[in-house]
Participant: 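The structure is given below, and queries will be raised subsequently.
Per chain, numbering begins at 1; letters A, B, ... match sequence-line order. Just so you know, these numbers use all the heavy atoms, side chains as well, and skip hydrogens, waters and symmetry mates.
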Amino acid sequence: MVAVQVHNTLSRKLEAIVPRPGERQTLSLYTCGPTIYAHAHIGNFRAYVFEDLLQRHLQERGFTVRRVMNLTDVDDKTIRGAHASGMALGDYTRPFKEAFFEDAKTLRLVPAEAYPAATDPEQIARMIAMIASLMERGHAYQAEDGSLYFRIASFPDYGKLAHVDLEGQRPGQRVASDEYEKEAVADFALWKAWVAEDGAVGWESPWGKGRPGWHIECSAMATGLLGETIDIHCGGVDNIFPHHEAEIAQCECAGHGKAPFVRYWMHCAHLMVEGSKMAKSAGNFFTLRDLLEKGWTGREVRYALISVHYRGALNFTMEGLAAARTALARLDAWRERLTETAGSEPAVEAPDATTEGFFTALDDDLNISGALAILFETLRESNRSMDEGRLTPPQARGLLAWLARVDGVLALQPDDVAAIPQEVEELLADRAAARAAKEWKKSDELRDKIADLGWVVKDTKDGQRVTKS
RNA sequence: GGCGGGGUAGCCAAGUGGUAAGGCCGGGCUCUGCAAAAGCCCCAUGCGACGGUUCGAUUCCGUCCCCCGCCUCCA
């Protein structure tokens, strides 16, 4: 059995991923999804692309991955946004939800098994049931304002994920000063009592009308869909505290036994843009849509996001995107060349054993740099062979088969190329004739005409090659 | 103050107690009517600073400097 090792935030160590007893090859994966009050930005997508790489690699290694990603469709910002636009909550979030799925597709993210939304009646019911369980066990209380809070003093393990000792904490700047109703300042909201600003947003509960706190949403949806113990839970580093800490507290206190909530916690570092923290005020805030408008493609953005190890800060730059474009073009050209060399021979010869290093690098906590190094070394080596005419068709086919496996993980192959229009085909035929007759002027004119139609012609050793401009 | 992540060539970035992967940029060459593309080759006596351990350290230990993040609802 191949051992995939990952860095577990809980233990701060590299640990081999082993399925739960009784589960042969199935792993559950819960990933915190977007809050759909706006378009997700590339920082959000960095986390989703990392999770996608993880899922795809686990699948390559033979695991069946059951993945759930939640959608947070109710929180302060969402309510404010809906209120400001005069729309019902669901009408306000719907376009952002649809946009998220489109963006995910553009970035080639494998769809999750389920995308529960916080406002789904079924999920609200689960949250209420979980809060009720916490109340019964003395882990929660209702404050004077009607809101329910988690009693952190009742859970000694609180802080084990972030490795924080609340005693030593300096209060953060965002502690709301009006939360005097709580027993302890660190106690977090499970259920927020309805207030006038909430307008039409609210659900009935045993404790009165209100809405769920953010943390309970994930706890309820994760355990509701994947069971009491989840194998892998991912998110951004900023979620470690308090969000994931709170999730642990809720699940392990409401649970039926001493079942740990999550076995492997994985967190993705932040993304910076041009060297600084991404912020609207700094003018370096990008959604995927912004980048597509600038002419970048989904796979270029994917490459830029995927090519830096997930636990290191990623500095996202236009230069980085340009590098992604060049590297992808090189991979594309190589794949085409291999395809030509492969011909239609049925025989397949396995590539050099070192190519397996691509996958063993990823086994090591998703060492993408090491994996890409193997990919490019293989590229150069086989190009040399082809230059010298040494690469046999069975060898080329072996490399293509390997490349297909590699791309099952990277998902960086070009989109299906658009069919060449008849008009362009005719011009190409004319141009080929002109070239054969060495009528260079005519050849150049035809190249211009083809360019006007939106296609670029390049003359290679083996004739003309056109691509959509 | 507490807890994390990080400082490796112009940029991005792996990695190892034994003499620095890979990508981009740049340079050279090949191909070539031109243009473009593509391919190959070259490109860090050096791994934040200073000490120490060692036959040998970028890699281990110590001290220090710098950058970034989290510390209550931001991936």
Participant: Taking atom P in both B/G33 and B/C41, compute the distance separating them and give it to the nearest angstrom.
Facilitator: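 To the nearest whole Å, 25 Å.
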Participant: Over all strands shown, is A/G320 touching base, sugar-phosphate only, or nothing at heavy-atom distances under 4.0 angstrom?
Facilitator: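 If one applies the 4.0 Å heavy-atom cut-off, A/G320 turns out to touch nothing in the nucleic acid.
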Participant: The side chain of A/D75 lies closest to which of these nucleotides: B/C74, B/C71, B/G23?
Facilitator: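 Between B/C74, B/C71, B/G23, the one nearest the side chain of A/D75 would be B/C74.
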Participant: Do A/H244 and A/H267 have a side chain donor and acceptor closer than 3.5 Å?
Facilitator: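 Note: A/H244 and A/H267 side chains meet the donor-acceptor criterion.
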Participant: Looking only at atom P, what distance separates B/C73 and B/A49, rounded to whole Å?
Facilitator: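 Roughly 40 Å separates the two P atoms.
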Participant: Taking atom P in both B/A20 and B/C64, compute the distance separating them and give it to the nearest angstrom.
Facilitator: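 Here B/A20 and B/C64 have their P atoms 31 Å from each other.
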Participant: Which sits closer to the 5' end of RNA chain B, A/T317 or A/A324, going by the nucleotide each is nearest to?
Facilitator: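 Its nearest nucleotide lies further toward 5', so the answer is A/T317.
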Participant: Starting the side chain at C-beta, find the nucleotide from B/C73, B/A21, B/G69 nearest to A/H270.
Facilitator: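 Nearest to the side chain of A/H270 among the choices is B/G69.
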Participant: Both distances under 3.5 Å, Watson-Crick or G-U wobble: report the partner of B/G69, or none.
Facilitator: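 With both distances under 3.5 Å, B/G69 matches B/C3.
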Participant: If you assign A/M272 and A/Y37 each to the RNA chain B nucleotide with the nearest heavy atom, which residue ends up on the more 5' nucleotide?
Facilitator: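 With A/M272 and A/Y37 compared, the 5'-side residue is A/M272.
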Participant: Tell me the interatomic distance from A/L375, atom CG, to B/G22, atom P, rounded to whole angstroms.
Facilitator: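 Roughly 13 Å, once rounded to whole Å.
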Participant: Using 0.5 Å steps for rounding, measure from the CG atom of A/L288 to the CG atom of A/D103.
Facilitator: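 Separation between the atoms: 4.5 Å.
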Participant: Hey, does A/E377 reach any base, or is it just sugar-phosphate, or nothing, if we go heavy atoms under 4.0 Å?
Facilitator: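 It contacts sugar-phosphate atoms only.
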Participant: Output the rounded distance in Å from NE2 (A/H267) to P (B/C70).
Facilitator: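 One finds 14 Å between P of B/C70 and NE2 of A/H267, rounded.
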Participant: Between B/G23 atom P and A/E300 atom CD, what is the distance in whole Å?
Facilitator: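 Nearest whole value for this atom pair: 18 Å.
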Participant: Could you check how far CZ of A/R12 sits from P of B/C3, rounded to whole Å?
Facilitator: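 It is 10 Å, rounded to the nearest whole Å.
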Participant: Among B/G23, B/A14, B/C11, which nucleotide sits nearest the side chain of A/S369?
Facilitator: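 Nucleotide nearest to A/S369's side chain: B/A14.
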Participant: Where the side chain of A/V185 is defined as all heavy atoms beyond and including C-beta, which of B/A14, B/U72, B/G10 is the nearest nucleotide?
Facilitator: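 Within the option list, the nearest is B/U72.
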Participant: Expressed as a whole number of Å, how far does the C1' atom of B/G17 sit from that of B/A9?
Facilitator: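 These two C1' atoms come out 23 Å apart once rounded.
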Participant: Taking the six-membered ring for Trp, are A/F101 and A/Y115 closer than 6.0 Å centroid to centroid?
Facilitator: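 Yes, ring centres under 6.0 Å apart.
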Participant: Walk me through it: do A/D73 and A/T119 pass the test side chain to side chain donor-acceptor pair (under 3.5 Å)?
Facilitator: CA-CA 7 Å; A/D73 59 353; A/T119 62; 2.6 Å; yes
Participant: Side chains of A/L190 and A/P212, heavy atoms from C-beta outward: is any pair under 4.5 Å?
Facilitator: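 Answer no - side chains too far apart.
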Participant: Whole angstrom is fine here: how far is it from CZ in A/F188 over to P in B/C71?
Facilitator: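 To the nearest whole Å, that distance equals 15 Å.
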Participant: Going by side-chain hydrogen bond (donor to acceptor under 3.5 Å, both in side chains), name the residues that satisfy it together with A/S154, two or more places apart in sequence or in a different chain.
Facilitator: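 If we apply the side-chain hydrogen bond (donor to acceptor under 3.5 Å, both in side chains) test to A/S154, skipping adjacent residues, the hits are A/H139.
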Participant: What integer distance in Å separates A/L314:CG from B/G69:P?
Facilitator: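 Rounded to whole Å, this separation is 15 Å.
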Participant: If B/A49 has a Watson-Crick or G-U wobble mate with both distances under 3.5 Å, name it; if not, just say none.
Facilitator: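 Across all strands, the one nucleotide that pairs with B/A49 is B/U63.
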Participant: Using atom C1' in both nucleotides, what's the gap between B/G52 and B/A57 to the nearest angstrom?
Facilitator: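 The same atom, C1', in both gives a distance of 11 Å.
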Participant: Using the C1' atom as the point on both nucleotides, what is the distance between B/G48 and B/C65, in whole Å?
Facilitator: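 One C1' to the other, the span is 8 Å.
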Participant: Scan every strand shown for a Watson-Crick or G-U wobble partner of B/C40, both distances under 3.5 Å, and answer none if you come up empty.
Facilitator: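 With both distances under 3.5 Å, B/C40 matches B/G28.
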Participant: Under the ring-ring contact (aromatic ring centres under 6.0 Å, His included) test, which residues partner A/W214, sequence neighbours left out?
Facilitator: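 Checked A/W214 against ring-ring contact (aromatic ring centres under 6.0 Å, His included); matches are A/H243.
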Participant: Does the gap between the ring centers of A/H233 and A/F261 come in under 6.0 Å?
Facilitator: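 Yes; A/F261 has its ring centre under 6.0 Å from that of A/H233.
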Participant: Whole Å only: how far is the CG atom of A/N367 from the P atom of B/A21?
Facilitator: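 Taking atom P of B/A21 as the reference, CG of A/N367 is at 15 Å.
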Participant: Taking atom P in both B/C61 and B/U53, what distance in whole Å separates the two?
Facilitator: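 That atom pair is separated by 16 Å.
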Participant: Base, sugar-phosphate or nothing for A/A373? Non-hydrogen atoms, less than 4.0 Å.
Facilitator: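 The residue A/A373 makes base contact.
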Participant: Whole angstrom is fine here: how far is it from CD in A/E388 over to C1' in B/C41?
Facilitator: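 About 13 Å, once rounded to whole Å.
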Participant: Within 45° of the six-membered ring axis of A/F316 and under 6.0 Å from that ring's centre, is NZ or CZ of A/R46 located there?
Facilitator: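 Judged by the rule, A/R46 and A/F316 form no cation-pi pair.
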Participant: Pick the P atom in B/G6 and in B/C60, then give their distance to the nearest Å.
Facilitator: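 After rounding to an integer number of Å, I get 13 Å for this pair.
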Participant: Can you build the contact string for nucleotides 32-39 of chain B? Use B for base contact, S for sugar-phosphate-only contact, and - for no protein heavy atom under 4.0 Å.
Facilitator: -BBBBS-S
